[in-house]
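In what follows, a single structure is set out as C-alpha cells and then discussed.
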Amino acid sequence: MRWAAFGLMLFAGTLTTADAQVRSVKLVTPERLFGYFVGDVLRSEVDVAVDKGTVLNRASVPAPGDLDYWLELVDSHVEETAGDDTKLYRISLAYQNFYLALDARPLNIPGFTLSFTSSHGATSVQVPAWSFLISPLREILPAAKAAGADYMQPDVKPPYYNLLRERIATFALFAAALIAFGILAYHLALWPFGARAKRPFTEAARRIRKMLGAREDELAYRDALLALHRAVDATAGHVVFAEDLPQFLDAAPMFSRWKEEFNLFFQSSRQTFFADNIAAARADLSPDELCRFSDRLAAAERAAP
Amino acid sequence: MDGFVMTIRAAAAQWSFSVIADLYGFFRRARTILFTALFGVLVLAAVAAAALWGVNAARNRTIAALMNNHDVKVATDSAPRVIFARAYFFMTHSRLDDAQVMVSMLDIRGSKRLRADLHYDMANARLKRAFDMIGEGKIDAAGALVGLAREDYRESLRLDPDDWNARFNFDVASRLVREYPTFTQTPDARRRGARPLWTDLPSIPRGEP
C-alpha cells in the first residue's frame, strides 16, 4: 500500500465551520496499480483523523454491492481508534472487477463522500477516485476450433469423500481399545493374564465363586477352603498355618483389615481338615461369607501397590 | 524468623506430599473403574469412527453411480458432495433446470470451495448449451443463456477470486455478448436493506380538500 499524495489535505475547502473537525484524509491504494486481470480483488483504505466528538455518519460509507456493470464492492468495514483528542476512522474497502479487457487500459474506482456530524454541525469529506491498469487474459483472435466448448477450460469433476481420515481413526481407535483391554485384563488377571502369579487371591476368588455357585455340597466347600489356602500360601511364598497368621499379616499389610475373618477362616479350616466336621465349619463361616471374604481379599490385592 | 519460614516450608511439603499421596491412593483404588471406563470409551469412539467411515463410503458409492450415468435419485438434504454429483449428472444430461435446483440446494449448505466449483460447472454447462444453440441459429436464446452463465462465473469468482479457470471462461462467455452499462437495473439485493414496515396501499386518501 502506498500513501496517495492527492488524498491529503482535501478537507480544507470543504469545511464549513471555523475550527477544523476533520484533520486529515488519507487514501491508501495497492502498491502496484498495473497487471490486474478480470476477477482480481483490489483493497484500499481510507484513514480519516477527526476531532474528538466528531462522529462518522455510517450511512455515508459505501455498502457492498454493484458500483458499475463491471465493478463490485465486495467488502467494506470501518474501524475506530480513539486517541487523546483525536479519533481515527479506518475504512477498509475491497473491490472486485469483472471487466472484459481486450487490451491493457486504465479503470477508474469511483470516489465517494463521507459525512461527519459534531456539535458544530455537519461536515463532508470527498474521498478521491483512483485508477489501475487492467490486462487482457486471452488473445484477441484465438485460433479457430471445431466446437465452442474447445475454447473453454474443463469442468471441475465432482469430488469424492476422502476416507483416509476415517480409516486411520477407526484403526487407531480399535488399536487403542485393544491396548486398553490389555491393561484392564492384566489388572483383573483375566484371560490371557489369568495364569500370572501375582494375583492369587483374584484367581482364587474366581474359582471359589464358580465352585460354590455350581454345587451346594460339602465337598465344594472343602475345595473352596483349599483354594483360599493355596492363595494365602502363594502370597506368603510358603505354607501358612493358623499360628503363622500374625507374621503373614505383617508381611502383607493390605489384608490386615480382615484379621477377624482370617481367624474364622483358619478355625473352620481346622474343623474341616483336622476334625472332619464340615457342618460345624460351615456354621462358623458360611459358604456365602467365604465367597464374599475371598472377593474382598481379591479387591484388596488389586488395590495394593 | 528462619524457624518460622522453615515451619511453613515443612508444612507446605507435608501438605503437597499428602495431596500427591491422596491422589495416588485414589488412583490405586479407582484403577479398576478407570481402566474399564477407558476401555469402554475407546470402544465407543472406534465404533463411531467406523460408522462414519461406512456413511462416507456409501456416499462415495452414490457419487460413483452418478458418475457412471446411473440416474440415482438423491434427496435434497443429502451430503454436499452427493448433491454436487447429482447436479453434475443433470448438467451432463442436458437437464439444466434440474441442475439449477441442486445448485440452489448446495448454496444453502455447501462449503465455499464446493459452491464455487459447482457455480463454475453450472456456468460451463450453460455456455456449452449456448454454443450449441448458436450452431443451430437460435441467437436470442443463446444470448439469454450466456447472460446466466456469466452470472454463475461471477458468483464463482466472488466465492473464490483466485479461480483462474473461471476467469478464463468468464472471458470466453463475455466475448459472445456485448455488454453495455445499464441504466435501470433491479436493485442489488445486498443494498435493499430492511423490508418496509408498512405495505403500500394504493387506496390511501391523500387528504385533499
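Per chain, numbering begins at 1; letters A, B, ... match sequence-line order. Here the structure is a predicted model, which is why all the values come from computation and not from measurement.
Ion pairing between a basic and an acidic side chain is recognised when a charged N comes within 4.0 Å of a carboxylate O; B/Arg86 and B/Asp71 show such pairing. With salt bridges taken as basic N to acidic carboxylate O contacts below 4.0 Å, one links A/Arg90 and A/Glu45. Under a 4.0 Å N-O distance rule, the pair B/Glu155/B/Arg158 qualifies as a salt bridge.
At a heavy-atom separation below 4.5 angstrom, chain B is approached by A/Pro154, A/Asp155, A/Val156, A/Lys157, A/Pro158, A/Pro159, A/Tyr160, A/Tyr161, A/Asn162 within residues 154-162 of chain A. Interface residues of residues 99-120 of chain B toward chain A, defined by a heavy-atom distance below 4.5 Å and sorted by number: B/Leu114, B/Asp117, B/Tyr120.
Across every non-hydrogen atom of B/Asn69 and B/His93, the tightest pair is OD1-CE1, 3.2 Å. Nearest heavy atoms, A/Asn97 versus A/Phe37: ND2-O, 3.2 Å. Taking every heavy atom of both residues into account, B/Ala141 and B/Met133 meet most closely at CB-SD, 3.9 Å. Listed here is the closest heavy atom pair of A/Ala129 and A/Asn108: CB-ND2, 4.1 Å.
Residue contact with chain A, scored on non-hydrogen atoms closer than 4.5 Å, involves the side chain of B/Tyr153 exclusively. Looking at B/Ala79, both its backbone and its side chain come within 4.5 Å of chain A, counting heavy atoms on both sides. Contacts between B/Phe170 and chain A at a heavy-atom distance below 4.5 Å involve the side chain alone, from C-beta outward. Interface remark: B/Ala64 contributes backbone and side-chain atoms alike to the contact with chain A (heavy atom separation under 4.5 Å). In this structure, the portion of A/Val41 lying under 4.5 Å from any heavy atom of chain B is its side chain and not its backbone.
Looking at residues two or more places apart in sequence or on another chain, you find a ring-ring contact (aromatic ring centres under 6.0 Å, His included) between A/Phe248 and A/Phe262.
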Might you work through the side-chain contact (heavy atoms from CB on, under 4.5 Å) test for B/Phe131 and B/Leu127, ending with a clear yes or no?
CA-CA 6 Å; B/Phe131 274 124; B/Leu127 189 53; 3.9 Å; yes

Stepwise, does the side-chain hydrogen bond (donor to acceptor under 3.5 Å, both in side chains) test hold for A/Gln96 with A/Asp40?
CA-CA 6 Å; A/Gln96 191 172 20; A/Asp40 273 333; over 6 Å; no

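Across B/Asn169, B/Thr32, B/Val47, B/Leu157, the residue that shares the most heavy-atom pairs under 4.5 angstrom with chain A is B/Asn169. Counting heavy-atom pairs under 4.5 Å between each of B/Phe35, B/Trp164, B/Phe27 and chain A puts B/Phe35 at the top. Contact tally against chain A (heavy-atom pairs below 4.5 Å) for B/Gly54, B/Gly40, B/Pro161, B/Ala173: the top residue is B/Pro161. Counting heavy-atom pairs under 4.5 Å between each of B/Val43, B/Leu52, B/Ile134 and chain A puts B/Leu52 at the top. Options B/Asn60, B/Asn165, B/Asn56 differ in how many heavy-atom pairs under 4.5 Å they form with chain A, and the most are formed by B/Asn60.
Taking the six-membered ring for Trp and the full ring otherwise, the centers of A/Phe255 and A/Phe201 sit less than 6.0 Å from each other.
Under the 30°/60° scheme for interplanar angles, the aromatic rings of A/Tyr69 and A/Tyr99 are found to be tilted.
No side-chain N or O of A/Glu79 forms a donor-acceptor pair with one of A/Ser92 less than 3.5 Å apart.
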Can I get a per-line list of side-chain donor-acceptor pairs under 3.5 Å for residues 132-139 of chain A, giving both atom names and the distance, sequence neighbours left out?
unit_1: A/Arg138; atom_1: NE; unit_2: B/Asp171; atom_2: OD1; d: 3.3

